[in-house]
Amino acid sequence: MWTLVPLGNPGPEYQDTRHNLGRLMLQRWMADRGLAPKASKRFPSGTLYPLTDRLHALVPATYMNLSGEACAQAEAAGIYPRRMILLYDDKDLPLGTGRFRLDGSSGGHNGLRSVFERLGTTDIARLRLGIGPFQRPLVDFVLEPWTDPEWEAIDRMDAPFARFLELLGQAEDLGGLANQVNPAAFWGLAEG
């Protein structure tokens, strides 16, 4: 069982902002499949939803910079960090691309920083979803809504994101997944 953790900010005012790309992609995937899962477990800072027999989603109810609270509460309930996959926006990747990693630093991302601090490890798998090229001030950029051309790029991400979840659902471990999903061609882009 893998637990997806889509990072973002709660509330309708943040729903279509760049900082919520992880949540947006998961919501679009669920909508395409007619999924409206009921909560299987509620924590003070988040809710766990069954998606398939191999995938669950832990959706934090806090703002981005407190995302680790839900992860820590889920860990205390027996959901281990090594079974979590963080889904989040990455300013350093071009919009329309993704990058899967098994570990690493927060890269300045406040949601990741919170998760790492609360779980006491950076060894947590994550799918970085590009929102770049970013503009300064960064805080304004990540909290702005998508533009029409950006929505077109997001539409093109639906198929590779769905394929990523399909491969994840079949995976027993994550070792080979990066080799399958990190090439630019996986995201519909020419290598280069």
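Throughout, residue positions are numbered sequentially from 1 according to the sequence presented.
A pairwise comparison of heavy atoms in A70 and S45 identifies CB-O, 3.2 Å as the closest pair. Shortest non-hydrogen contact noted between F100 and A125 is CZ-CB, 3.9 Å. Closest approach of T17 to L143, counting heavy atoms only: CG2-O, 3.2 Å. Residues L35 and L51 approach most closely at CD1-O, 4.0 Å, considering heavy atoms. Annotation for R118 and G68: closest pair CB-O, 3.5 Å, computed over non-hydrogen atoms. Contact between P60 and P6 at its shortest, heavy atoms only, is CD-O, 3.6 Å.
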Self-check item: Stepwise side-chain contact (heavy atoms from CB on, under 4.5 Å) check, R28 with D155
Solution: CA-CA 9 Å; R28 289 167 65 102; D155 289 342; 2.6 Å; yes

Exercise. Could you please spell out the steps behind the side-chain contact (heavy atoms from CB on, under 4.5 Å) verdict for M84 and L119?
Key: CA-CA 11 Å; M84 294 180 188; L119 295 180; 4.1 Å; yes

Exercise. Check step by step if side-chain contact (heavy atoms from CB on, under 4.5 Å) holds for L21 and W146.
Key: CA-CA 10 Å; L21 183 56; W146 299 104; 3.8 Å; yes

Exercise. Run the numbers on R128 and Y88 for side-chain contact (heavy atoms from CB on, under 4.5 Å), then give the verdict.
Key: CA-CA 6 Å; R128 302 163 52 202; Y88 69 97; 2.8 Å; yes

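Between the CG atom of L87 and the CZ atom of F161 there is a distance of 5.0 Å, given to the nearest 0.5 Å. Once rounded to the nearest 0.5 Å, the distance linking CG of L58 with OG1 of T47 reads 8.0 Å. To the nearest 0.5 Å, atoms CD (E166) and CH2 (W29) are separated by 10.5 Å. One distance of note links CE of M30 with CG of L165; it measures 11.0 Å at 0.5 Å rounding. For the atom pair CD (E144) and CG (D16), the distance works out to 13.5 Å, reported to the nearest 0.5 Å.
A 4.5 Å side-chain heavy-atom check between K38 and Y49 finds every atom pair outside the cut-off. Side-chain contact between I85 and F164 is present, with at least one heavy-atom pair separated by less than 4.5 Å. Under the 4.5 Å side-chain criterion, counting only non-hydrogen atoms from C-beta, Q170 is not in contact with R54. Here the side chains of R82 and L174 are not in contact, with every heavy-atom distance at 4.5 Å or above. L167 is listed as a side-chain neighbour of L177, based on a closest heavy-atom distance under 4.5 Å. Taking the side chain as every heavy atom from C-beta outward, V5 and S67 never approach each other to under 4.5 Å. Between I154 and L24, the closest side-chain pair of non-hydrogen atoms falls below 4.5 Å. Taking the side chain as every heavy atom from C-beta outward, Y63 and P10 approach each other to under 4.5 Å.
Side-chain atoms of S40 come within 3.5 Å of backbone atoms of L48 as a donor-acceptor pair (strictly under, hydrogens ignored). For the pair D90 (side chain) and G130 (backbone), a donor-acceptor distance under 3.5 Å is absent. Of the possible donor and acceptor atoms, none in the side chain of R113 sits under 3.5 Å from a partner among the backbone N and O of N65. With hydrogens and angles ignored, the 3.5 Å screen pairs no side-chain donor or acceptor of R126 with any backbone N or O of L86. One N or O on the side chain of R101 and one on the backbone of D103 form a donor-acceptor pair closer than 3.5 Å. W2 contributes no side-chain N or O that, together with a main-chain N or O of H56, makes up a donor-acceptor pair within less than 3.5 Å. Looking at E75, its side chain never comes within 3.5 Å of a backbone N or O of A72 through a donor-acceptor pair. Checked by atom type and distance alone, the side chain of R18 pairs as donor or acceptor with a backbone atom of F141 at under 3.5 Å.
Both I131 and L127 are part of a single hydrophobic cluster, where members link through side-chain heavy atoms under 4.5 Å apart. When hydrophobic clusters are built by joining Ile, Leu, Val, Met, Phe, Trp and Tyr residues whose side-chain heavy atoms come closer than 4.5 Å, directly or via intermediates, L93 is not grouped with L138. Following chains of ILVMFWY side-chain contacts shorter than 4.5 Å, one cannot reach M1 starting from L168, and the two form parts of different hydrophobic clusters. Both F134 and V139 are part of a single hydrophobic cluster, where members link through side-chain heavy atoms under 4.5 Å apart. Using a 4.5 Å cut-off between side-chain heavy atoms of Ile, Leu, Val, Met, Phe, Trp and Tyr, with links allowed through other members, V142 and V115 fall into different hydrophobic clusters.
In the model, N20 has no side-chain atom that pairs as donor or acceptor with a side-chain atom of R23 under 3.5 Å. Side-chain polar atoms of T62 and E69 form no donor-acceptor pair below 3.5 angstrom. Judged purely by distance below 3.5 Å, without hydrogens or angles, the side chains of S114 and E117 never pair a donor atom with an acceptor atom.
Figure legend: R163 and F186 shown without cation-pi pairing, the cationic atom not lying both under 6.0 angstrom from the six-membered ring centre and within 45 degrees of its axis.
With L7 as reference, L112 is the one residue of V59, D89, L112 to meet the side chain to side chain contact (heavy atoms under 4.5 Å, CB included) rule.
Counted within 6.0 Å of CZ on R42, heavy atoms from surrounding residues, nucleotides or ligands total 12 or fewer; the atom is thus considered open.
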